Amino acid sequence: MVEQNLAGKLAVVTGSNSGIGLGVAEALAAAGADLVINSFTDRDEDHALAKDLADRHGVEVRYVAADMSKAADCRSLIAAAGRCDILINNAGIQHVAPIDEFPQDKWDAILAINLSSAFHTTAAALPLMRKAGWGRVVNVASAHGLTASPFKSAYVAAKHGVVGLTKVTALETAGQGITCNAICPGYVLTPIIEAQIPDQMKTHNMSREDVIAKVMLSRQPSGQFATVEQIGGTAVFLCSDTAAQITGTTISVDGGWTAL
């Protein structure tokens, strides 16, 4: 069995001070990778989080603030990292509204952060990967990169774009020791999702259990949330030598959602 050991590799993980991004960062650090973690804030707690990751896993971790809605910040994040063996494009935001009522600024922000940021970071990272003769790009897409839901036009469009960008990146790097794949999670129990449950309970006059089963997970046949640890483990697998010939594809971690 090929060992999933990422010691000596440097991973840049965008949008990684909470939620899925932090889960992926944890998994990569546990596999031995050094890290650059990121968000748009620059708080003491952000840098403390980096130190905590480093101390617990015995790797080097830096926090670099960069606004993923800005092309220059996306590219400067990679420059600040100095090298980039592994790139995890995870940064994302969401807004829900009908198309004819969807705020233009929200559309622009979602496309910039969820899709364009992945283009800019990838464009900056690929020359470094080619120079090293090895690289892994993992794009955190979504079940909504493969299917759609009403009132999520910008998010669905962006995540479909991420899947398309994944395929193009894979084709342009084939045979160069670089792979690019997308993880497509369904509902993942992150702090953001957890915080929505009480409001949904009030809106639907349901118990917590019914909101989860009948509202949030109605399209997830397993009836269970995916976990950040499962997404992290999938990312580590895609970065390992085991997955050296897996490129240009999607891995769904969605409890069967996209099988429907």
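Computed from a prediction, not measured in an experiment: that's the story for all the values here. Note that these values count all heavy atoms, side chains included, but never hydrogens, waters or copies made by symmetry. Positions are given from 1, in the same order as the sequence printed here.
- N181 places a side-chain N or O within donor-acceptor distance of the main-chain N or O of I246, the cut-off being under 3.5 Å.
- Without hydrogens or angle criteria, D254 side chain to P185 main chain gives no donor-acceptor distance under 3.5 Å.
- In this structure, T14 contributes its side chain and A91 its backbone to a donor-acceptor pair below 3.5 Å.
- With hydrogens and angles disregarded, no donor-acceptor distance shorter than 3.5 Å links the side chain of R83 to the backbone of A132.
- Expressed to the nearest 0.5 Å, how far CG of L53 lies from CG of D34 amounts to 11.5 Å.
- Side chains of R130 and T173 form a contact here, defined as non-hydrogen atoms less than 4.5 Å apart.
- In this structure, the side chain of N38 engages the main chain of V64 through a donor-acceptor pair within 3.5 Å.
- How far NZ of K9 is from CH2 of W134: 4.5 Å, rounded to the nearest 0.5 Å.
- The CG atom of N139 sits 8.5 Å away from the NZ atom of K159 when rounded to the nearest 0.5 Å.
- Not one N or O on the side chain of R208 forms a donor-acceptor pair closer than 3.5 Å with the backbone of M201.
- Using a 4.5 Å cut-off between side-chain heavy atoms of Ile, Leu, Val, Met, Phe, Trp and Tyr, with links allowed through other members, V137 and V36 fall into the same hydrophobic cluster.
- Considering every non-hydrogen atom in both N90 and G15, the closest pair reads ND2-O, 2.8 Å.
- Summarising the geometry of H144 relative to H160, their closest heavy-atom pair is O-ND1, 3.0 Å, with the distance given to 0.1 Å.
- Distance CD/E194 to CD1/I197: 4.0 Å, rounded to 0.5 Å.
- More than 12 heavy atoms of other residues, nucleotides or ligands shown are found within 6.0 angstrom of CD on Q176.
- In this structure, T179 and L238 have side chains that are not in contact, with every pair of non-hydrogen atoms separated by 4.5 Å or more.
- Considering only heavy atoms from C-beta on, S18 stays 4.5 Å or farther from T190 through its side chain.
- Side-chain contact check for L28 versus C239: some heavy-atom pair is nearer than 4.5 Å.
- A donor-acceptor pair under 3.5 Å is absent between the side-chain atoms of Q230 and the main chain of T234, judged by distance alone.
- A salt bridge does not link E101 to K106: none of the charged nitrogens lies less than 4.0 Å from a carboxylate oxygen.
- V96 and V156 sit in two unconnected hydrophobic clusters of ILVMFWY residues. Membership requires side-chain heavy atoms under 4.5 Å apart, directly or through other members.
- In this structure, the side chains of L22 and V228 stay at 4.5 Å or more apart for every pair of heavy atoms.
- Under the 4.5 Å side-chain heavy-atom criterion for grouping Ile, Leu, Val, Met, Phe, Trp and Tyr, L87 is not connected to Y63 through any hydrophobic cluster.
- In this structure, S117 contributes its side chain and N114 its backbone to no donor-acceptor pair below 3.5 Å.
- L146 and V162 fall into different hydrophobic clusters, where Ile, Leu, Val, Met, Phe, Trp and Tyr residues are linked whenever their side-chain heavy atoms come under 4.5 Å apart, directly or through other members.
- E26 is listed as a side-chain neighbour of H57, based on a closest heavy-atom distance under 4.5 Å.
- For the pair D55 (side chain) and D52 (backbone), a donor-acceptor distance under 3.5 Å is absent.
- Relative orientation of the W257 and Y187 rings is parallel, given thresholds of 30° and 60° on the angle between their planes.
- In this structure the side chain of P103 reaches within 4.5 angstrom of the side chain of H95, judged on heavy atoms.
- Checked options I20, I88, V138; the residue passing with I183 is V138 (criterion: side-chain contact (heavy atoms from CB on, under 4.5 Å)).
- For the pair K152 and Q94, the minimum side-chain heavy-atom distance is below 4.5 Å.
- Linking Ile, Leu, Val, Met, Phe, Trp and Tyr residues whenever their side-chain heavy atoms come within less than 4.5 Å places I86 and I37 in a single cluster.
- A donor-acceptor contact shorter than 3.5 Å links the side chain of D73 to the backbone of D67.
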